[in-house]
There are 2 protein chains.
Amino acid sequence: MKIGELARESGLAPSRIRFYEREGLIGSIDRGLNGYRQYSRGTRQVLEIIVMAQQAGFSLDEIRNLLPPHGKGDWSRDTLVAALKTKVVEVAALRHRLAETQAGLEAVIARIEATPPGGDCFENAEAVLADLRDHAKAG
Amino acid sequence: MKIGELARESGLAPSRIRFYEREGLIGSIDRGLNGYRQYSRGTRQVLEIIVMAQQAGFSLDEIRNLLPPHGKGDWSRDTLVAALKTKVVEVAALRHRLAETQAGLEAVIARIEATPPGGDCFENAEAVLADLRDHAKAG
DNA sequence: CTTGACCTTAAAGTTTACTTTAAGGTTAGG
DNA sequence: CCTAACCTTAAAGTAAACTTTAAGGTCAAG
């Protein structure tokens, strides 16, 4: 699979995929005799995870440290399991973060909706923010 | 309240508060005879809401459209609530997908770990990737 | 009345996360 | 063979969200 095809499938620009390679988020991969990059299917999975993590607010730097070390094409059973477990940890982290975000948003919505239409926003804002802080601590 | 005090209370740098003013996120406020900015308590609430919105993934541009026309008092509650609810739906959808991804990954790990050690790694890897692909499509 | 901690502005600099450009090599179709 | 659509690289450009710098005004304390 060449970079154009991977780009179409993943929805990312080729420049972005090359950028992620330069930044060490995806390992440098096989090249054809012509120098073209040849991707395996797994790369698309990695890209999806990167995008998801970004959507949850992780920086590329954080994501790089989250992803399994990619140096060896040597996938023993143990390394495969370790990599998958690393991914589970990552996904769990994303879910945790999103749960906090959602709780925070819902608290704000509930507060605003409980406010009488003519009321002073900032009087209630105090309580809203107290709620948010509680959620942040609880989550 | 001068900008330094507001900065301490809100945890934001003074430069950041001035930046938000330039960008139209907070209205231009009263000035003392010396030209110093004089903030009301409400400004602190606005700043905290801006930060919360950012954590939820809103850009400053989106936040600017979310906040009230700087007249004063009530921003359009309905617009704000609608935007927040849209965001909650997005976050919830992402969480749902991540939950499926995590379940899928854990199932794959369990299967590999149940495989006798003598098995062919790449045979397994092949199946793993097929699983991941199916799962990605299903989710 | 000077010192130091504030405040002011405009403008330039920084970081992150890319995209675009320039200059060129490769491959498939007519 | 030519053309168009791919691919390659390094380097420069961009946008968002700030921060830092430069050059100065204000104010309370000693």
Side-chain angles (χ1 to χ4, degrees), chain A residues 1-41 43-44 46-67 70 90 94 97 101, chain B residues 1-41 43-44 46-67 70 83 87 90 94:
Chain A
M1 184 193 260
K2 286 183 290 183
I3 199 168
E5 197 183 340
L6 179 63
R8 272 188 301 278
E9 283 193 8
S10 66
L12 307 185
S15 65
R16 187 165 168 187
I17 297 171
R18 293 195 197 97
F19 171 73
Y20 285 160
E21 185 184 329
R22 278 200 302 284
E23 293 293 302
L25 274 90
I26 56 183
S28 23
I29 32 68
D30 293 340
R31 300 295 185 115
L33 290 173
N34 48 19
Y36 290 12
R37 289 170 179 82
Q38 279 297 334
Y39 292 97
S40 66
R41 232 173 255 92
T43 307
R44 196 188 147 186
V46 173
L47 291 178
E48 280 177 10
I49 288 169
I50 290 171
V51 169
M52 278 193 292
Q54 278 189 295
Q55 283 168 3
F58 283 90
S59 69
L60 293 190
D61 205 54
E62 289 170 319
I63 294 170
R64 187 182 11 250
N65 295 325
L66 230 56
L67 290 173
H70 51 260
E90 174 201 348
L94 298 191
R97 187 145 170 176
T101 296
Chain B
M1 184 193 265
K2 287 182 289 184
I3 200 169
E5 198 182 340
L6 178 62
R8 271 189 302 278
E9 282 193 9
S10 65
L12 307 186
S15 65
R16 186 166 170 185
I17 297 170
R18 294 195 197 97
F19 171 73
Y20 286 161
E21 185 184 328
R22 279 201 303 283
E23 293 292 302
L25 274 87
I26 56 185
S28 20
I29 32 66
D30 294 338
R31 301 291 187 119
L33 292 173
N34 48 19
Y36 290 10
R37 289 170 179 83
Q38 280 297 333
Y39 293 97
S40 65
R41 262 158 62 269
T43 307
R44 183 172 159 237
V46 173
L47 289 178
E48 293 199 44
I49 287 169
I50 290 172
V51 169
M52 179 62 208
Q54 279 188 293
Q55 283 168 4
F58 287 91
S59 69
L60 293 189
D61 206 55
E62 289 170 319
I63 295 170
R64 185 180 17 248
N65 296 325
L66 228 62
L67 291 172
H70 297 309
K87 194 69 193 178
E90 285 170 13
L94 187 53

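So that the names make sense, note that chain A is the first sequence line, chain B the second, and so on, each numbered from 1.
At whole-Å resolution of the value, CZ in Arg64(A) and P in dT16(C) are 10 Å apart. One can place CG of Leu47(A) at 14 Å from C1' of dC18(C), the figure rounded to the nearest angstrom. What separates NZ of Lys2(B) from C1' of dT8(C) is a distance of 13 Å, to the nearest Å. Ile50(B) places its CD1 atom 14 Å from the C1' atom of dC18(D), with the value rounded to the nearest Å. Regarding Arg18(B), its CZ atom lies at a distance of 13 Å from the C1' atom of dC18(D), rounded to whole Å.
In terms of phosphate contacts, Arg16(B) brings no side-chain nitrogen or oxygen within less than 4.0 Å of OP1 or OP2 of dA17(D). Between Arg37(A) and dT8(D) there is a side-chain N or O to OP1 or OP2 distance below 4.0 Å. In this model, the phosphate group of dA17(C) is not approached by any side-chain N or O of Tyr20(A) to a distance below 4.0 Å at OP1 or OP2. Contact annotation: Arg22(B) does not reach the phosphate of dT19(D) (side-chain N/O to OP1 or OP2, under 4.0 Å). Under 4.0 angstrom from either OP1 or OP2 of dT8(D) there lies no side-chain N or O belonging to Gln38(A).
Residues Arg31(B) and Ala13(A) both approach DNA chain C. Their nearest nucleotides, taken by heavy-atom distance, put Arg31(B) toward the 5′ side. Residues Tyr36(A) and Ser15(A) each lie close to DNA chain C; by heavy-atom proximity, the contact nearer the 5' end of the strand is made by Ser15(A). Comparing Asn34(B) and Asp61(B) along DNA chain D, the residue whose closest nucleotide (by nearest heavy atom) sits nearer the 5' end is Asp61(B).
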